[in-house]
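I have placed the structure first, in the form of structure tokens, so that the comments after it can refer back to it.
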Amino acid sequence: MRILSVDDSAATRQFIKKAVDVLGFEFLEAADGREGLEILKRENGRIDLILLDRHMPVMDGMAMLEELKADDKLRMIPVTMVTVEVERAEIQRAIACGAKNYLIKPFTQENLIGKILEGLNIAP
Amino acid sequence: MISLEEFHLIRDYIEKHCGIYLSDEKVYLVETRLTALMFEQGCKSFRELYQKAVLDRTHVLRDKIIENITTNETYWFRDLHPFGILDEVLFKHYADEITAGRKDKIRIWCSACSTGQEPYSIAMTFREFMRENHRLRPDHIEITASDISSTVLFIGKMGRYDNLSMSRGLSEEFRDRYFVRGDKVWTIKDEIKQMVKFQKLNLQENFHHLGRQDIVFCRNILIYFSTEFKQNILRRIASLLRPNGYLFLGASESIIMYTQEYEMLRHAMGLYYQIKQNEEKHHAYSVR
Ligand SMILES: C[S@@+](CC[C@H](N)C(=O)[O-])C[C@H]1O[C@@H](n2cnc3c(N)ncnc32)[C@H](O)[C@@H]1O
């Protein structure tokens, strides 16, 4: 399995990488939506799950999610949105736009592994 | 925000299904931990989420709600004393019984095992004991580890831990003896892994199928439960324990207020509990 983390915080990406390592999956990373889309192009869409930060410079999570869902080659990749605050309208919008699930910071490694397995449709 | 009425619906639902009691100050916790789930499930309010959970016969949604509420905090050899007591008192006692042919094996149940640190610490303690007591074999012990959360069990079964988890309570000596170093994570060796059987189990439900146990670990979990549920679980553990069986709690927990069925024992600086003999006959459960 190949997991892509798109997040402007290097610390968060590092935290996510640890959980992906524990699961024994492959980890790829990008610091904003633009870079994330570039990686997806480079990898020819061969990514099994995207963990997407809501707030980032250059291209934020919502904008990237919209681009993903408008692209026939990428729309099937499950997306887990990651955010700091519980903003009901935001969460609702992201889910309506096709995000698979949502992760609210701060989260533990167990929360994260639970969401990754859920995103990949793997029953623990 | 979640309304107080909705909070009470969800709170009662959680208590009914996993025993965890949330006081009114926990409104915020429910809001932060369950809002995402509510929308993921296509619900527009907590009332709808509650109704959907009640109707869901597969219990998938129930389990998701519970997983979002529980705390899985754990680490290796937590509080140290229980493992010292195993090594210095209980394993010694049971080893004599086994070599005298009065006992087959030591049965231990770790009843809220989270990601595996507690049952694996018990297994490592036994391995260390075996190094000095050559009469014992790994099949002289049977460790059952259970938890309500499938995710933590999944992690426990993998037996893979990152550097941070490894650094919490584990000596370098044990790490090097019982783990294999990978380029990113450490994996527990098969000799330890094979000593622990993981299974999903909700303490709210009947656990008699586990069979009688010599020692039960029920640590850092009772604190989340209501008084009645604490009493209920302690009573059921008492009837699962073999005569003279032992119970370990978390360092900050006490059961004096909830039950008379156990006697408190002390060793070094640690506390543990033994089932009182005369109480035993009052239990209706049959001995397996
Ligand atoms: C704080 S951890 C304690 C782990 C370990 N016993 C220790 O002391 O380090 C509590 C664990 O209890 C589990 N739990 C909560 N409610 C439960 C229930 N009703 N039945 C079984 N396990 C439960 C949680 O999933 C969590 O992994």
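Letters A, B, ... are given to chains in the order of the sequence lines, protein chains preceding strands, and every chain is numbered from 1. Here the structure is a predicted model, which is why all the values come from computation and not from measurement.
- Options Arg160(B), Lys200(B), Met1(B) differ in how many heavy-atom pairs under 4.5 Å they form with chain A, and the most are formed by Arg160(B).
- Closest heavy-atom contact between Pro124(A) and Phe154(B): CA-CD1, 3.6 Å.
- Contact check for Leu164(B) versus Gln109(A): no side-chain heavy atoms found under the 4.5 Å cut-off.
- For Arg13(A), the CZ atom sits in a packed shell: over 12 heavy atoms of surrounding residues, nucleotides or ligands are nearer than 6.0 Å.
- Ranked by heavy-atom pairs shorter than 4.5 Å toward chain B, the options Asn111(A), Ile104(A), Asn101(A) are led by Asn101(A).
- With a 4.5 Å cut-off on non-hydrogen atoms, Lys115(A) touches chain B through its side chain but not through its backbone.
- The two atoms that bring Glu110(A) and Thr151(B) nearest to each other are O-CG2, 3.6 Å, heavy atoms only.
- Your options are Glu118(A), Lys18(A), Gln92(A), and the one with the most heavy-atom pairs under 4.5 Å with chain B is Gln92(A).
- Electrostatic pairing of Glu31(B) and Arg88(A) counts as a salt bridge here, judged by a charged N lying under 4.0 Å from a carboxylate O.
- Residue contact with chain B, scored on non-hydrogen atoms closer than 4.5 Å, involves the backbone and the side chain of Leu23(A) alike.
- The environment of Glu5(B) atom CD is sparse: at most 12 non-hydrogen atoms of other residues, nucleotides or ligands sit within 6.0 angstrom.
- Your options are Lys64(B), Lys157(B), Glu67(B), and the one with the most heavy-atom pairs under 4.5 Å with chain A is Lys64(B).
- When each of Asn163(B), Asp183(B), Asp162(B), Val185(B) is tested with Asp21(A) by the rule side-chain contact (heavy atoms from CB on, under 4.5 Å), just one qualifies, namely Val185(B).
- The environment of Lys105(A) atom NZ is dense: over 12 non-hydrogen atoms of other residues, nucleotides or ligands sit within 6.0 angstrom.
- Each of Asn68(B), Asn72(B), Thr115(B), Val152(B) has some count of heavy-atom pairs under 4.5 Å with chain A, and the biggest count is that of Asn72(B).
- Looking at Lys100(A), the atoms closer than 4.5 Å to chain B (heavy atoms on both sides) all sit in the backbone: N, CA, C or O.
- Residues Ile91(A) and Glu40(B) have side chains not in contact (no heavy-atom distance under 4.5 Å, counting atoms from C-beta outward).
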